[in-house]
Visitor: 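Just dropping this structure here.
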Amino acid sequence: MTVRPARPARRTGRPPFRLPVDGYVLALLGTVGLAALLPASGTAATVAGSTATGAVALLFFLYGARLSTREALDGLRHWRLHLTVLASTFLVFPLLGLAARGLVPGVLTPQLYGGFLFLCLVPSTIQSSIAFTSIARGNVPAAICAGSFSSLAGIVLTPLLAAALLGGGTGGFSADSLLGIVLQLLVPFLAGQLLRRWVGGFLVRHKKVLGYVDRGSILLVVYTAFSQGVVAGIWHLVTPGRLALLLAAEAVLLAAMLALTWYGAGRLGFGRADRIAIQFAGSKKSLAAGLPMASVLFGAHASLAVLPLMLFHQMQLMVCAVLAKRRARDPEEPAGETARPVPERTAAPK
């Protein structure tokens, strides 16, 4: 009796699909758990707070030293796309955040609403916007520049919008907080830009190690913020039911922004590749930029302020991963049918 060899499994050419549960988000959640079990208090809280302050300043120094001024200037040639992303990030998002005021107190507590509105004010992401734009076969150079411009503008616009929209009743924002933003975020960022020509090579050579410095700094900020919240006893304000309602409100916010950026970009005459870059850069919020800013703006109330942002960050990763894979299967745009006047394509960064 002849035994036929088993047929090899048919390969589809596609890797198995997995939702991107970000390992760093898991680390953040673990840090929150550590703060709940072993919060820093007394002298330990003072030391942790001072260390977190220095870590945030170092973080923004590194941001400034890494941002290529030349690449940013090259990207200005695609100014319509970048203005569209900036308008989505710092105009449409805040307007939707203000509209969510109607959800208080039935859906969101005043404290959670402050965090919900704050997430609407922070800049867009860079890394995930680029990654999803690449997966979806969009305009990657435009996504690089749009994310960089958003991060740069957010250093100024986020605290100004917070001063105008959050005021003093949502957790301690004041003129001192604005001064703290300047000294702790803007000054180190500008110092990084000025010293980039001397330290840029070092940063490139030690990129992996400095990545741990970035993430470790943010984890320290989260631990300090949530320790303050635990010591102050604010967590009785957040019940599982409130968290579920917060997630529902954020799902509606994300769906609205994904639809507005996609169809709005189409109405403005952008082609498929540019619409993809606008959708992924204009619908996201940066956890890396938002957490340090919240620690400066909200102080002891930062824990509730950053909770909506942390949840939104994971939600946007999961939803946009599915969306990017679907966009990748779209048919190519026919030659000669790029949209009505489309600006010239941004040159790839050098």
Visitor: Return the orientation label for the F93 and F312 ring planes: parallel under 30°, perpendicular over 60°, tilted otherwise.
Guide: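 Because their plane-to-plane angle is over 60°, the rings of F93 and F312 count as perpendicular.
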Visitor: Please find the pair of heavy atoms, one from L245 and one from G106, that lie closest to each other, and give the distance.
Guide: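 In this case the closest contact between L245 and G106 is CD1-O, 4.1 Å.
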Visitor: Do L81 and C145 have side chains that approach each other closer than 4.5 Å (heavy atoms only, starting at C-beta)?
Guide: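 In short, these two side chains do not touch, never coming nearer than 4.5 Å.
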Visitor: Let me confirm one number: the CG-CZ distance from L190 to F61, rounded to the nearest 0.5 Å.
Guide: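 One finds 11.5 Å between CG of L190 and CZ of F61.
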Visitor: Can you tell me how far CD1 of I278 sits from CG of L83, rounded to the nearest 0.5 angstrom?
Guide: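 Here the interatomic distance stands at 10.5 Å.
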Visitor: Donor-acceptor pair, distance only, cut-off 3.5 Å: does the side chain of R275 make one with the backbone of W262?
Guide: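 Yes: the side chain of R275 pairs with the backbone of W262.
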Visitor: Checking the side chain of T261 only, and the main-chain atoms of L258 only, is there a donor and an acceptor separated by less than 3.5 Å?
Guide: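 Yes: the side chain of T261 pairs with the backbone of L258.
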Visitor: Answer whether the closest heavy-atom distance between the side chains of L220 and T51 falls below 4.5 Å.
Guide: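 Yes - at least one pair of side-chain heavy atoms lies under 4.5 Å apart.
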Visitor: Please report the closest heavy-atom contact between P308 and F116, naming both atoms and the distance.
Guide: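 Here P308 and F116 meet closest at CG-N, 3.7 Å.
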Visitor: Would M310 and Y223 show up in the same hydrophobic cluster when neighbours are defined by side-chain heavy atoms closer than 4.5 Å?
Guide: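 M310 does not cluster with Y223.
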Visitor: Are R272 and R137 packed together at the side-chain level, in the sense that at least one heavy-atom pair is separated by less than 4.5 angstrom?
Guide: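 R272 reaches R137 side chain to side chain.
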Visitor: Is it true that a side-chain atom of K285 and a backbone atom of T89 form a donor plus acceptor pair closer than 3.5 Å?
Guide: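 Here the side-chain-to-backbone pair exists.
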Visitor: Does the side chain of L165 come within less than 4.5 Å of P94's, by heavy atoms?
Guide: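 P94 vs L165: side chains touch.
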Visitor: Can you tell if the side chain of I276 reaches within under 4.5 Å of the side chain of F132, non-hydrogen atoms only?
Guide: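 In short, these two side chains do not touch, never coming nearer than 4.5 Å.
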Visitor: Quick check against the 3.5 Å criterion: does S134 have a side-chain atom that pairs as donor or acceptor with the backbone of I130?
Guide: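 No, the answer is negative, given that no donor and acceptor are paired below the 3.5 Å cut-off.
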Visitor: Roughly how far, to the nearest 0.5 Å, is the OG1 atom of T109 from the CG atom of L103?
Guide: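 The OG1 atom of T109 is 11.5 Å from CG of L103, to the nearest 0.5 Å.
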Visitor: Would you say R327 and Q279 make side-chain contact, with heavy atoms under 4.5 Å?
Guide: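 Heavy-atom side-chain distance check passes, below 4.5 Å.
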Visitor: Tell me the closest heavy-atom pair linking P292 and A289, and the distance in Å.
Guide: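 Reported closest heavy-atom pair: CD-O, 3.4 Å.
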Visitor: If you measure from CD1 on I135 to SG on C320, what distance do you get to the nearest 0.5 Å?
Guide: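 Nearest 0.5 Å value for the CD1-SG distance: 10.5 Å.
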Visitor: Between V306 and A294, what is the shortest heavy-atom contact and its length?
Guide: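 Scanning both residues, the minimum pair turns out to be CG1-CB, 3.3 Å.
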Visitor: For a 4.5 angstrom cut-off between non-hydrogen side-chain atoms, does F149 reach V85?
Guide: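 F149 does not reach V85 side chain to side chain.
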Visitor: What closest approach, in Å, do Q316 and K284 show between heavy atoms, and which atom pair accounts for it?
Guide: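 For Q316 and K284, the tightest heavy-atom pair comes out as OE1-CA, 3.3 Å.
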Visitor: Decide whether L243 and L112 are clustered together by the hydrophobic rule: side chain heavy atoms of Ile, Leu, Val, Met, Phe, Trp, Tyr closer than 4.5 Å, transitively.
Guide: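 Yes, L243 and L112 fall within the same hydrophobic cluster.
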Visitor: Tell me whether S124 contacts the main-chain N or O of A281 through its side chain, where contact means a donor paired with an acceptor under 3.5 Å.
Guide: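 A pair under 3.5 Å: yes.
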Visitor: How far apart are the closest heavy atoms of T133 and S129, and which atoms are they?
Guide: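 Smallest interatomic distance, heavy atoms only, reads OG1-O, 2.6 Å.
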Visitor: Checking the side chain of S150 only, and the main-chain atoms of A146 only, is there a donor and an acceptor separated by less than 3.5 Å?
Guide: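 It does not hold such a pair.
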Visitor: In this structure, would L247 and L96 fall into the same cluster of hydrophobic residues linked by side-chain contacts under 4.5 Å?
Guide: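 Shared cluster, yes.
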Visitor: Side chains of F280 and L323, heavy atoms from C-beta outward: is any pair under 4.5 Å?
Guide: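 Yes, at least one pair of side-chain atoms sits under 4.5 Å.
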Visitor: Do L117 and L95 sit in the same hydrophobic cluster, where Ile, Leu, Val, Met, Phe, Trp and Tyr count as joined when their side-chain heavy atoms come under 4.5 Å apart?
Guide: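 They do not share one cluster, since no chain of ILVMFWY contacts under 4.5 Å joins L117 to L95.
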Visitor: Nearest 0.5 Å, what's the CG-CG distance between L287 and L311?
Guide: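 It is 10.0 Å, given to the nearest 0.5 Å.
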Visitor: Could you grab the distance from atom CD of E250 to atom CG of L309, nearest 0.5 Å is fine?
Guide: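 That separation rounds to 8.5 Å.
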Visitor: Using the rule that two of Ile, Leu, Val, Met, Phe, Trp, Tyr join whenever any of their side-chain heavy atoms come within less than 4.5 Å, decide whether L253 and Y263 are in one cluster.
Guide: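 They do share one cluster, since a chain of ILVMFWY contacts under 4.5 Å joins L253 to Y263.
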